[in-house]
> 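Structure in structure tokens, see below.
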Amino acid sequence: MAELVQVIVDVPTMQTNRPYTYRVPEHLERQVQPGMRVMVPFGRGSREVQGFVVAVDQPGEFDGDLKDLAGVMDLSPVLNDELLKLAGWLADQTYAFKITAFYTMLPSLLKAQTTRLVRLVDEVDEVDEQTRLALFADQDELDLAKVQTDPLALSQLMRLRRAGKVVIDYRVHDRARAKQITTITPTLSFDDYEGERLGVLKNAHAQRNLLDYLQSLAGKTVPLKQAQEESGLSAATFTTGAKRGWLKKGQAEVYRDPSGALPTSPTAPLTLNQEQAQAVKRINQATDQRTAETFLLQGVTGSGKTEVYLRAIERALANGRSALMLVPEISLTPQIVSRVRGRFGKQVAVLHSGLSNGERYDEWRRIKRGEAKVVVGARSAVFAPLDNVGLIIMDEEHESSYKQDDAPRYHARDVAKWRAAYHHAPLVLGSATPSLESRARAATGLYHRLTLLHRVNQRPLPPIQVVDMKREVQARGETNYSLPLLNLLTDRLNKGQQSILMLNRRGFSSFVMCRDCGYVPKCPNCDISLTLHMDSRSLKCHYCGHEERIPNTCPNCQGHRIRYYGTGTEKAVAELQTYLPTARIIRMDVDTTRRKGMHEKLLTKFGNHEADILLGTQMIAKGLDFPGVTLVGVLNADTGLDLPDFRSSERTFDLLAQVAGRAGRADEAGQVVIQTFNPDNYVIQLARAHDYERFFVQEMNLRKLGAYPPYYYTVRVMGSHPDEQMAARVMQAVRQELVGQLDSQTIILGPTPRAIARLKNRYYYQIVIKYRHDPALHARLTAIMEGAQQQFDRETQVMIDPDPQYFL
DNA sequence: AGCACGCCGACT
DNA sequence: GTCGGCGTGCTC
């Protein structure tokens with residue numbers, strides 16, 4: 001019988017980042033288990049918070065007065081033993097709070113909402129009637145959150161509270177609800193319905209039809225909605241039926257169905273070529289033998305990696321185990337989902353960002369109950385509550401979206417490795433352009449490398465033509481389109497074939513600049529240039545959301561020549577339309593796809609050949625498969641090449657390889673055009689040659705010279721404060737705590753102000769640490785996180801980002 | 001996070 | 001003299 005429990009409470013601060021001990025009242029003794037959510041009183045007053053039970057019946061060190069658990073929120077644990085352990089590891093590795101780790105692993109509905117209600121105590125006569133009316137109107141309770149923004153009301157309430165005239169109640173409410181639907185069940189026998197029919201008036205058609213319908217059900221319970229559709233009768237008719245005792249209404253719990261009515265016709269496995277068969281064989285061996293081996297499946301675009309995944313999943317299932325397949329959000333398209341569903345049917349659960357909170361919760365429950373054995377999802381799906389995992393797949397493993405860029409700053413690849421080791425399951429990392437880290441590990445034998453060099457359709461990779469834009473611009477003036485590209489576009493248009501054009505906007509966006517004095521409007525809070533949004537005719541800050549009107553005159557020199565800079569897709573489309581007046585062009589960028597579902601809608605439209613050219617940003621590069629596309633153009637390949645980021649070459653190479661793979665997926669041969677101002681750059685040249693391996697070798701040399709990953713590991717320590725001096729001082733102190741304490745090969749860079757030094761009125765300074773092997777570092781950094789609050793004032797924030805994707 | 005405690009300025 | 005500002009410490 002549990003008498004004591006250890007609870008991690010939902011108060012995300014360093015000081016409370018440890019278990020608190022609670023007594024278990026008798027009536028809860030039988031219920032409470034580790035991994036369950038509970039409600040506990042915390043702090044003075046009547047405050048109640050949600051928490052997670054991490055241990056039962058282990059007496060804590062605390063010897064003060066214990067409080068009682070207020071309630072248990074779950075019937076069975078939401079976190080099993082594996083996930084509890086994983087959360088501990090995750091928090092430790094990413095320097096995050098334990099509570100943050102728990103919530104990251106669970107659907108958001110399991111985070112209870114707390115409301116604070118202000119209630120008047122009985123003797124109101126003492127309270128000024130005017131005040132009472134102003135604040136409470138005729139209610140006796142008031143949601144504090146609604147008043148929070150009104151400083152006057154807030155201070156009045158606080159005064160009343162001090163005087164004991166009002167109290168604040170805390171209510172924790174669980175938002176996790178199973179969806180309920182109404183059902184109907186016939187209550188009479190076939191013959192009895194015949195009897196009822198005699199008692200119904202001849203012209204009561206609806207009722208007669210209802211009797212017919214109920215008869216046809218033969219006692220079966222059906223959802224009311226379905227009954228209405230099948231019978232064509234109204235809800236009111238069924239209500240009348242219930243009153244007459246012909247049927248019974250009931251409630252049933254259902255899963256919200258995120259797949260919609262998507263027909264998933266079963267698809268047969270494709271025939272494997274020899275390379276694929278070899279890869280499948282090796283992976284399946286590991287699955288059978290339960291070895292937690294990591295494979296790097298390196299296959300050119302179109303080499304049939306997905307089929308390898310599906311075969312490997314099949315084997316895991318055949319062994320009675322489950323499988324997890326991670327894909328980047330952007331390639332979690334209906335195409336890939338229907339392919340997995342087609343093979344494994346209802347055993348598949350899909351987790352993607354398009355799900356509502358309720359749908360996500362339901363998919364999570366299906367997985368947890370063991371009804372779904374295959375999970376396909378983006379980054380956070382790596383925490384799917386699967387039991388007995390037999391295989392983990394991570395497609396496009398080089399994608400930077402696998403790294404979460406707020407706390408906990410985990411990389412899904414590391415979590416996948418942890419879980420694979422826990423379950424003794426193989427992990428398959430798939431990519432055409434692996435991350436240098438993974439490719440290097442395959443080179444040392446840490447990962448087992450599997451290669452797919454041939455495309456399944458036997459077609460060669462499309463030829464890539466590199467066009468020097470310096471010459472084009474010299475000859476024809478400022479333009480986004482070279483003659484070779486225009487000629488090919490015209491040719492495709494004449495043949496009725498489709499083209500895709502990509503505008504590389506990495507590290508680059510359109511902004512407004514004064515042509516007289518060079519003034520660029522900046523965000524008053526964040527010190528970064530405001531981006532131009534033509535749809536709302538405004539300037540917006542991408543970081544804090546600040547918005548202002550486009551100025552007519554320059555605020556700096558009062559000049560009138562304030563113009564737009566940078567090439568947006570909008571401008572690129574307009575220019576293209578002047579060259580090709582008859583072409584039907586679809587523009588795809590953040591602006592045209594902001595509304596939910598627009599992304600798919602535009603792609604479907606293009607897929608149906610309702611347009612000739614798809615012009616968009618990076619988002620068009622991934623995972624699209626349009627057989628009709630025979631020309632792919634990259635308008636500005638080098639944007640992003642010169643960013644002060646050691647990974648910019650790698651990302652550019654990946655991007656070019658990705659888009660090149662979009663051409664000629666089907667029968668027609670494809671052609672790729674890359675426009676660039678740096679035609680001789682090695683990234684461009686090796687992308688043109690489709691030569692990842694040489695790129696790998698060359699880039700590794702540069703990384704070695706610069707002491708960058710994968711030769712060195714990196715950690716970024718960021719400190720922020722509303723006062724710039726303080727931010728700098730904090731990071732200076734952090735540096736002092738590290739200097740002399742670390743390995744002799746470890747390099748400490750900074751502190752330096754971050755590229756975006758001010759965000760939301762806070763100043764940021766950072767230190768980057770590069771190290772090869774430094775056993776003392778982790779403990780040092782943990783100590784810095786723990787000490788930061790005590791050492792500095794409350795406004796100080798210290799964040800640690802292990803293995804950052806960007807240093808900017 | 002949210003609350004109490006405690007120590008300094010402008011009001012009855 | 002007190003009311004109330006926000007810096008600091010603590011929450012089983």
> Find the distance Glu48(A):CD to dT11(C):C1' and express it as a whole number of Å.
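Rounded to whole Å, this separation is 14 Å.
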> Which residues pass the ring-ring contact (aromatic ring centres under 6.0 Å, His included) test with Tyr713(A), sequence neighbours left out?
Tyr771(A)
> What is the distance, rounded to the nearest whole Å, between atom CD of Gln789(A) and atom C1' of dA1(B)?
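The answer, rounded to whole Å, is 12 Å.
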> Looking at the rings of Phe792(A) and His721(A), which for Trp means the six-membered one, are their centres under 6.0 Å apart?
no
> Tell me every residue that passes ring-ring contact (aromatic ring centres under 6.0 Å, His included) with Tyr765(A), counting only those two or more places apart in sequence or in another chain.
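Per chain and number, Tyr765(A) pairs via ring-ring contact (aromatic ring centres under 6.0 Å, His included) with no residue.
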> Would Phe62(A) count as stacked on dC12(C) if the rule is ring centres under 5.5 Å and plane angle under 30°?
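Yes.
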> Measure from CZ on Arg47(A) to P on dC12(C) and round the result to the nearest Å.
10 Å
> Find the distance Phe42(A):CZ to dG2(B):P and express it as a whole number of Å.
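Going from Phe42(A) (CZ) to dG2(B) (P), I get 12 Å.
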> Can you tell me the distance, in whole Å, between the OH atom of Tyr103(A) and the P atom of dA1(B)?
14 Å
> Name the residue from Val54(A), Leu69(A), Val72(A) that meets the side-chain contact (heavy atoms from CB on, under 4.5 Å) definition with Val5(A).
Leu69(A)
> Expressed in angstrom and rounded to an integer, what is the separation of Glu795(A) atom CD from dA1(B) atom P?
11 Å
> Give Asp10(A) one of three labels, base, sugar-phosphate or nothing, depending on what nucleic acid heavy atoms sit under 4.0 Å from its own.
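Contact class for Asp10(A): none.
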> Base, sugar-phosphate, or nothing for Pro41(A), non-hydrogen atoms under 4.0 angstrom?
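The answer is sugar-phosphate, as Pro41(A) gets under 4.0 Å only of primed atoms, P, OP1 or OP2.
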> Which residues satisfy the ring-ring contact (aromatic ring centres under 6.0 Å, His included) test with Tyr764(A), sequence neighbours excluded?
none
> Mind calculating the distance between CG (Leu66(A)) and P (dT11(C)) to the nearest angstrom?
12 Å
> Can you sort out the partners of Tyr361(A) under ring-ring contact (aromatic ring centres under 6.0 Å, His included), two or more places apart, ordered by chain and number?
none
> Tyr20(A) has an atom OH; how far is it from atom P of dC10(C), in whole Å?
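It is 11 Å, rounded to the nearest whole Å.
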> Show me the protein contacts with nucleotides 6-9 of chain C, counting only N or O atoms at under 3.5 Å.
{"residue": "dG9(C)", "atom": "N7", "partner": "Arg794(A)", "partner atom": "NH1", "Å": "3.1"}
{"residue": "dG9(C)", "atom": "O6", "partner": "Arg794(A)", "partner atom": "NH1", "Å": "3.0"}
{"residue": "dG9(C)", "atom": "O6", "partner": "Arg794(A)", "partner atom": "NH2", "Å": "2.8"}
{"residue": "dG9(C)", "atom": "N2", "partner": "Arg44(A)", "partner atom": "NH2", "Å": "3.4"}

> Identify whether any heavy atom of Tyr22(A) sits under 4.0 Å from a base atom; if not, whether one sits that close to sugar-phosphate; answer base, sugar-phosphate or nothing.
sugar-phosphate
> Under the side chain to side chain donor-acceptor pair (under 3.5 Å) rule, collect the residues that match up with Arg780(A), sequence neighbours excluded.
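Partners of Arg780(A) under the side chain to side chain donor-acceptor pair (under 3.5 Å) test: Gln741(A).
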